[in-house]
There are 2 protein chains.
Amino acid sequence: MAHSGERSWGVYVTDVVTLKDVAAAAGVHVSTASRALNPETRSVVNVNTAGRVLEVAERLGYRPHPLARGLRTNRTLTVGMVVPDLMNPLFPPIYAGADAVLGDLGYSVLVSSDDDDSAKARSVIVALLERRVDGLILASAHCDFVIPTRQRKVPTVLVNRSSASNEFPAIVGDDHAGIALVVRHLISLGHTDIAHVAGSQDLSTGLARRQAFVESMNRDGLDANPELTVEAGAFRTEEGRAACDHLLDSGEDFTAIVAANDLIALGCYDALAHRGISVPGDVSVTGYNDMTFVDRVAPPLTTVAVPYQEMGGAAARQLLDLLAGEVGVGPPYPPMRLAPELVVRESTAPPPAS
Amino acid sequence: MAHSGERSWGVYVTDVVTLKDVAAAAGVHVSTASRALNPETRSVVNVNTAGRVLEVAERLGYRPHPLARGLRTNRTLTVGMVVPDLMNPLFPPIYAGADAVLGDLGYSVLVSSDDDDSAKARSVIVALLERRVDGLILASAHCDFVIPTRQRKVPTVLVNRSSASNEFPAIVGDDHAGIALVVRHLISLGHTDIAHVAGSQDLSTGLARRQAFVESMNRDGLDANPELTVEAGAFRTEEGRAACDHLLDSGEDFTAIVAANDLIALGCYDALAHRGISVPGDVSVTGYNDMTFVDRVAPPLTTVAVPYQEMGGAAARQLLDLLAGEVGVGPPYPPMRLAPELVVRESTAPPPAS
DNA sequence: TGGTAATCTGCGAACGATTGTAGATCCAAG
DNA sequence: CTTGGATCTACAATCGTTCGCAGATTACCA
């Protein structure tokens, strides 16, 4: 086994050194070596032999074979993560946050994209389960119908979305707080006729932000005019532009737009610019998410920064709790909401004097 | 083993059905079942029994256990990918491209970031190797010194970078062609005094683009004035701004800047704007990479689009060749260069009439 | 009918770890 | 001197596959 070594970094690196090699070199049985190496069971072996095994293992550069170990223990030290699209800049931070905390504990994260497609979501989840991941982090929207199946056995947490039933722990941004921030900001600038370009109402974020918008308006004493809320079919620039066009065609008066996310806000920029309406001179616009570069568009966008990386980290910690068998509370799990932050730039200003 | 099933999707899904279960249900030995299930060895078993096994496996929903299989075959159907930083929008497309082609063949991709840190690069590569990945795709810059070690045994391909020795297959963007595109574009607009804000010369892309710049200039009959080339310490906006400031302080005349990437170009925007120099009225600026949203900054940036997704795909295919044991050529591997594309926007215009 | 080849299937040993159980050793107390 | 308990270690089964090998069955030809 351990032969044909090659000198490097000052240690003798062999092709692959197994527990058997360590045991032989230490003059003990492999089971003893195993116990000595495992901190959990180390106490059961004589302190001298344990030390010897440890030292030999170190010297030979022994690394346990993850497949062999996993086969026996039925754990892979791998967690699966499903996102709609890794190329969407929202998700890399979530991944990075999760990977950072999981990596420290020896877990690896397997990411898969489902391209916002239910069928693909199902297939990637199945693929992940077949790989025997220890847990699942779902940032994807389309997966409700898979959840009730096999996976009921696999610890799962949701991130950036929640399920209506609260069947799984979920880490989400506090959309109510975030929308309240921009609404207050606009009100404090003097706006009263504020429009909302909502995102897809099929997605929990789209829904929540819309609700948050009317509640914020009402709470602050301005009745939200239903005519001033339009829905963009998706969280994309083109849809935002189209929705904003509808709004403008409606003839209703408004001096500010709260967009459901940054892309929709940029769509509003386009629609307004096309009609010669200036931002923020004539109407103020706010976004949501603080995507990269929205500080460099013209005008720099006032928006809400969501702590995606922290969300990923929190989701990972939550999953680790589940993995550790914290049978504590069990469902239903109230979603954990992380506080967002208002980022004021140049797309908002007091309304024009009429 | 196969018990406590639960009805769903119309099939009987059991917790975990093993080859033994299939064999028992089909009335054959597990080795026969194994052979029947494996297309490679199927021919050796009677066509009827094979059919029966297949049918039973299908009915029971048998899925081979990847750890058990991998333990035996010494393959994990997993490849590792190292990137500097997944939050850098360059890399998700590379990942997506690679994942798409590898996923089709049953491989999973494990991504790791090294945060542009040599020590971390080394540790993530070691971690990947300990996980027994079948191959490695390195998009990271800092890994030369790890390469000569253990990993010599693990098929490896480089992407978005090359190694001086051509020791590994590499898929890179054709920086020479890309820079030539922008230089020609500027020349065709009438520019003759063209500056270059280079990126870090420690990175192969920074070096290549700089060389390409002087060669393009020379080939087109304009001597590249060495005074008109400055170096940004890193591929970042602030460094680009600082370098551009140096350029402006030097007092040399120029009417166009070729920046080594989009971020540096944006830094140039800042430096120029700060001195009241208009883009493209007074000086034209070009970027490189066509990052998301550079079409929305002011003014929209003329740049070079690099086919990162295709690069990822090509890297994956190259790796598959290695994995298949195509002992064909062997090192040295001349890098494969993918053609970029010029994207003309509004940051370039004819030079001001003097 | 006997012998041999061709075709199929079963047996069992790996792969590299973990872990329940039994046996060995040693010391102290009766 | 024996016995009981502590303490440590070895044995062997197991996880779910793959695969070399040998045995069994059938077929074919002399």
Side-chain angles (χ1 to χ4, degrees), chain A residues 1-3 14-54 56-57 60-77 106 129-132 134, chain B residues 1-3 14-54 56-57 60-77 106 129-132 134:
Chain A
M1 308 274 154
H3 57 267
T14 56
D15 300 275
V16 56
V17 26
T18 81
L19 193 54
K20 188 169 11 172
D21 300 320
V22 175
V28 298
H29 194 262
V30 321
S31 64
T32 309
S34 171
R35 282 185 258 261
L37 258 8
N38 183 344
E40 305 283 316
T41 55
R42 187 170 304 155
S43 59
V44 85
V45 27
N46 181 290
V47 61
N48 295 318
T49 31
R52 185 157 33 99
V53 170
L54 248 26
V56 169
L60 296 186
Y62 167 73
R63 309 270 84 189
H65 194 305
L67 298 171
R69 185 206 288 267
L71 178 60
R72 186 61 228 256
T73 62
N74 213 23
R75 300 178 339 119
T76 52
L77 289 182
L129 292 174
E130 283 178 4
R131 285 228 161 220
R132 300 302 203 274
D134 293 336
Chain B
M1 306 277 155
H3 55 268
T14 55
D15 299 277
V16 56
V17 27
T18 80
L19 195 53
K20 191 172 3 176
D21 300 320
V22 175
V28 298
H29 193 262
V30 320
S31 64
T32 311
S34 172
R35 281 185 262 260
L37 259 9
N38 183 344
E40 305 283 316
T41 55
R42 187 170 303 155
S43 58
V44 86
V45 28
N46 181 291
V47 60
N48 295 318
T49 29
R52 183 157 33 101
V53 170
L54 249 25
V56 169
L60 298 186
Y62 167 73
R63 308 272 86 187
H65 194 305
L67 286 87
R69 186 207 288 268
L71 178 61
R72 186 64 229 256
T73 61
N74 212 26
R75 299 179 339 121
T76 52
L77 288 182
L129 292 174
E130 282 177 5
R131 284 226 160 223
R132 300 299 204 275
D134 293 337

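Hydrogens, waters and symmetry mates are skipped; everything else that's a heavy atom, side chains included, is used. Naming convention: chains lettered A, B, ... in sequence-line order (proteins, then strands); numbering from 1 in each chain. These numbers were taken from a predicted model, which means no experiment stands behind them.
- Closest heavy-atom contact between Tyr62(A) and Val17(A): CD1-O, 3.2 Å.
- Put simply, CG on Leu71(B) is 14 Å from P on dA14(C), counting in whole angstrom units.
- Here the shortest heavy-atom pairing between Ala50(B) and Ala36(B) reads CA-CB, 3.9 Å.
- As rounded to whole Å, 7 Å separates atom P of dG16(C) from atom CG of Asn74(B).
- Leu60(A) contributes atom CG, which lies 9.5 Å from atom OG1 of Thr18(A) (distance to the nearest 0.5 angstrom).
- By the 4.5 Å heavy-atom criterion applied to side chains, Arg63(A) and Leu129(B) are not counted as neighbours.
- Residues Ala26(B) and Val53(B) share a closest heavy-atom pair of CB-CG2, 4.1 Å.
- Across the protein-nucleic acid pair, Glu130(A) atom CD and dG16(D) atom C1' stand 15 Å apart, rounded to whole Å.
- The listed nucleotides are dT17(D), dA17(C), dC11(D); the one nearest the side chain of His29(A) is dC11(D).
- Identified under the side chain to side chain donor-acceptor pair (under 3.5 Å) test for residues 26-39 of chain B, with sequence neighbours left out: His29(B)-Ser31(B), Ser31(B)-Arg35(B).
- Nucleic acid contact for Thr73(A): sugar-phosphate only, since backbone atoms but no base atoms lie under 4.0 Å from a heavy atom of the residue.
- Under 4.0 angstrom from either OP1 or OP2 of dA17(C) there lies at least one side-chain N or O belonging to Tyr62(A).
- The rotation axes computed at either terminus of the helix from dT1(C)-dA30(D) to dG30(C)-dC1(D) lie 70° apart, taking five pairs at each end and rounding to 10 degrees.
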For nucleotides 21-26 of chain C, print each protein N/O atom paired with a nucleotide N/O atom at under 3.5 Å, atom names and distance only.
none

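- Taking Arg69(B) as the reference, Pro64(B), Thr73(B) meet the side chain to side chain contact (heavy atoms under 4.5 Å, CB included) condition, with sequence neighbours excluded.
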Could you list the protein-to-nucleotides 26-28 of chain D atom pairs, N/O on both sides, closer than 3.5 Å?
none

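- The nearest whole Å value for the distance from the CZ atom in Arg132(B) to the P atom in dG16(C) is 8 Å.
- Summarising the geometry, the separation between CZ on Arg63(B) and P on dC15(D) is reported as 21 Å, rounded to the nearest angstrom.
- Residues Lys20(A) and Val30(A) come closest through the heavy atom pair CA-CG1, 4.1 Å.
- Take the nearest nucleotide of DNA chain C for Val30(B) and for Ala68(B): the residue whose nucleotide is more 5' is Val30(B).
- If you measure from atom CZ of Arg75(A) to atom P of dA17(C), you get 16 Å, rounded to the nearest angstrom.
- Partners of Arg131(B) according to the side-chain hydrogen bond (donor to acceptor under 3.5 Å, both in side chains) rule, which considers only residues two or more places apart in sequence or in another chain, are Thr78(A), Ser108(A).
- Atom CG of Asp134(A) is separated from atom OG1 of Thr76(A) by 3.5 Å, given to the nearest 0.5 angstrom.
- The CG atom of Leu19(B) sits 8 Å away from the C1' atom of dG16(D) (whole-angstrom rounding).
- In this structure, Asn46(A) places its CG atom 7 Å from C1' of dC8(D), rounding to the nearest Å.
- Of all nucleotides listed (dT19(C), dC19(D), dT17(D)), dC19(D) comes nearest to the side chain of Ser31(B).
- Within residues 36-45 of chain B, no residue has any heavy atom closer than 4.0 Å to DNA chain D.
- A close approach under 4.0 Å does occur between a side-chain nitrogen or oxygen of Ser34(A) and OP1 or OP2 of dT18(C).
- For Asn74(A), the side chain to side chain contact (heavy atoms under 4.5 Å, CB included) partners are His65(B), not counting sequence neighbours.
- With distances taken from any side-chain atom of His65(A) to the nucleotides dG10(C), dC15(C), dA17(C), the minimum falls on dA17(C).
- Counting distance only, with no hydrogens placed and no angle test, the side-chain atoms of Thr32(B) and the base atoms of dC8(C) include no donor-acceptor pair under 3.5 Å.
- Across all non-hydrogen atoms, the minimal contact from Ala68(A) to Leu71(B) is CB-CD1, 3.8 Å.
- Residues forming a side chain to side chain contact (heavy atoms under 4.5 Å, CB included) with Leu54(A) (at least two apart in sequence, or on another chain): Leu37(A), Arg42(A).
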